[in-house]
Amino acid sequence: MEDREQFDRLVLLQFRAAFNSARWLLRSREDAEDVTQDALLRAFRFFSGFHGSDARAWLLQIVRNTCFTWMEKNRPMDSAVEFDESLHLSPLPGPEAQAVAGSERERLTKALEQLAPRSREVLVLRELEGCSYKEIASITDMPIGTVMSTLARARERLQQLLSQPGTKEAVHDL
Amino acid sequence: MTCEESRSFLHAYLDGELDAPHAAEFGRHLQSCSNCGRALQALESVRSSVQNAGLREALPPGFENKVRIQLDKISPRASSPRSPMNFPAWSWLAAAAVLLLVVAGSWRFVQRNRSGAEPAASAADSAAAELVDAHIRALQPGHLTDVTSTDQHTVKPWFDGKIAFAPPVPDFAAQDFPLVGGRLDVFQGRTVAALVYGRRKHFVSVFIWPDTTEDMERYSGTWNGYQWISWKQSGLRFCAVADTNRDDLATLKDLFSR
């Protein structure tokens, strides 16, 4: 009972952060809905073990683990190359598709989805969730140095993707 | 600092994660090196486009409720809500308002609906000004509601656990004030409930928070072209804000008080 109140107070406010993280990890809003729900229920079961001060980082760690477990089960092809920075999983839109995709939001969504999973993850935590390097390190279980280099790489790659809208990045990368 | 060293600091500088000595050193380098300056600018522009494109995914409608129902199955919430915070807002606002009016020289004249400028009335005025501003902010795209639903049974439980009191969430669609949704807002540093109603082509925000003071007065006024009206009932202070006419708000107040 007491746990439930604590949980509501500390964790409920982080629902959107959880959902947003899952959406970008899974690159799907629909899948993110189910997985986030699982993650939140798991978080509640583990809640008595949470004694820290950063409920968001704690929750996002659980969301991340739940996403990876889900991907192993449901997208074995994806998770096998999860950490391979050089591979891009999504078929890239050709120039004509990109010309149609008018809005800035769509353009950025596509670019973000084309980033390597780890780069995308770090960038989302930093730019969309406003996490500090330290928080990102604890959520992703990476050393801070790796967080920094991944973030730098992610931004450079994103810059590239955004500055050459018509080119097929996959050709260049593979 | 060489450009190569500077490049390794670029991102940490951008993210405000560089310690003071390094940041100072980096700043000096930037003044003398236009290449690094351009690199920083380019990163800043990519970042601001990522942050401003609305990429942070909003929760699907009904999601919170679904999770709550699941959570309730595992562990029901305590039946008695936590006691509302004792926060005599309007009375300490009276003191704060005097200070505010002195400090904020640029403040516009606030129209008072009472002849004398008693502290309570002027406190209400400045409090209302803050709420009008909150309402105007909420009218920006994407800010009006956190939970969008015309169903009071969706909006009401949405507030559970987010605030320490349970605001009433009536729907007045039959009286031409359809419920649009709800959101959390911040007023005088604490979280308050805000209900949103439609009124023809306008929106009304009704702010609600616990008020434990003796002040039962009804206040109303105008600020920046917006009407506001504030009243108290059942231990809660209400303030409705909109750019409709004053009669509309009075009608809404009467509907709430029924």
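The closest side-chain heavy-atom distance from A:L161 to A:L115 is below 4.5 Å. Inter-residue side-chain proximity for B:L252 and B:R199 is flagged as unmet; no heavy-atom pair is nearer than 4.5 Å. A heavy-atom distance below 4.5 Å is not found between the side chains of B:L131 and B:S230. By the 4.5 Å heavy-atom criterion applied to side chains, B:D215 and B:K232 are not counted as neighbours. The side-chain heavy atoms of B:F159 and B:L195, taken from C-beta on, include a pair separated by under 4.5 Å. In this structure, the side chains of A:W70 and A:D34 stay at 4.5 Å or more apart for every pair of heavy atoms. For the pair A:L40/A:L59, a side-chain contact is recorded, criterion being any heavy-atom separation below 4.5 Å from C-beta on.
If you take CG on B:L144 and CZ on B:F203, they are separated by 5.5 Å, rounding to the nearest 0.5 Å. Atoms CG and OG1, from A:L26 and A:T36 in turn, are 7.5 Å apart once rounded to the nearest 0.5 Å.
For A:A17, the parts sitting under 4.5 Å from any heavy atom of chain B are the backbone and the side chain alike. A:S21 does not touch chain B: none of its heavy atoms, backbone or side chain, sits under 4.5 Å away. For A:R23, the part sitting under 4.5 Å from any heavy atom of chain B is the side chain, from C-beta outward, and nothing else.
Considering only heavy-atom pairs separated by less than 4.5 Å from chain B, the leading option among A:R155, A:E156, A:R45 is A:R155. Among B:V50, B:V46, B:L55, the residue with the largest count of heavy-atom pairs under 4.5 Å with chain A is B:L55. In terms of heavy-atom pairs under 4.5 angstrom with chain B, the leader among A:F44, A:Y133, A:W24 is A:Y133. In terms of heavy-atom pairs under 4.5 Å with chain B, the best-connected choice from A:L112, A:L41, A:L151 is A:L41.
Electrostatic pairing of A:R16 and B:D146 does not count as a salt bridge here, judged by no charged N lying under 4.0 Å from a carboxylate O. Classification of A:R4 and A:D8 as a salt-bridged pair holds, one side-chain N sitting under 4.0 Å from a carboxylate O. Under the 4.0 Å criterion applied to side-chain N and carboxylate O atoms, A:K110 and A:E113 are not assigned as salt-bridge partners.
Of all residues in residues 11-18 of chain B, those placing a non-hydrogen atom less than 4.5 angstrom from a non-hydrogen atom of chain A are B:H11, B:A12, B:L14, B:D15, B:E17. Within residues 21-45 of chain B, the residues that have a heavy atom under 4.5 Å from a heavy atom of chain A are B:A42, B:L43, listed by number.
In the model, B:R183 has a side-chain atom that pairs as donor or acceptor with a side-chain atom of B:S205 under 3.5 Å.
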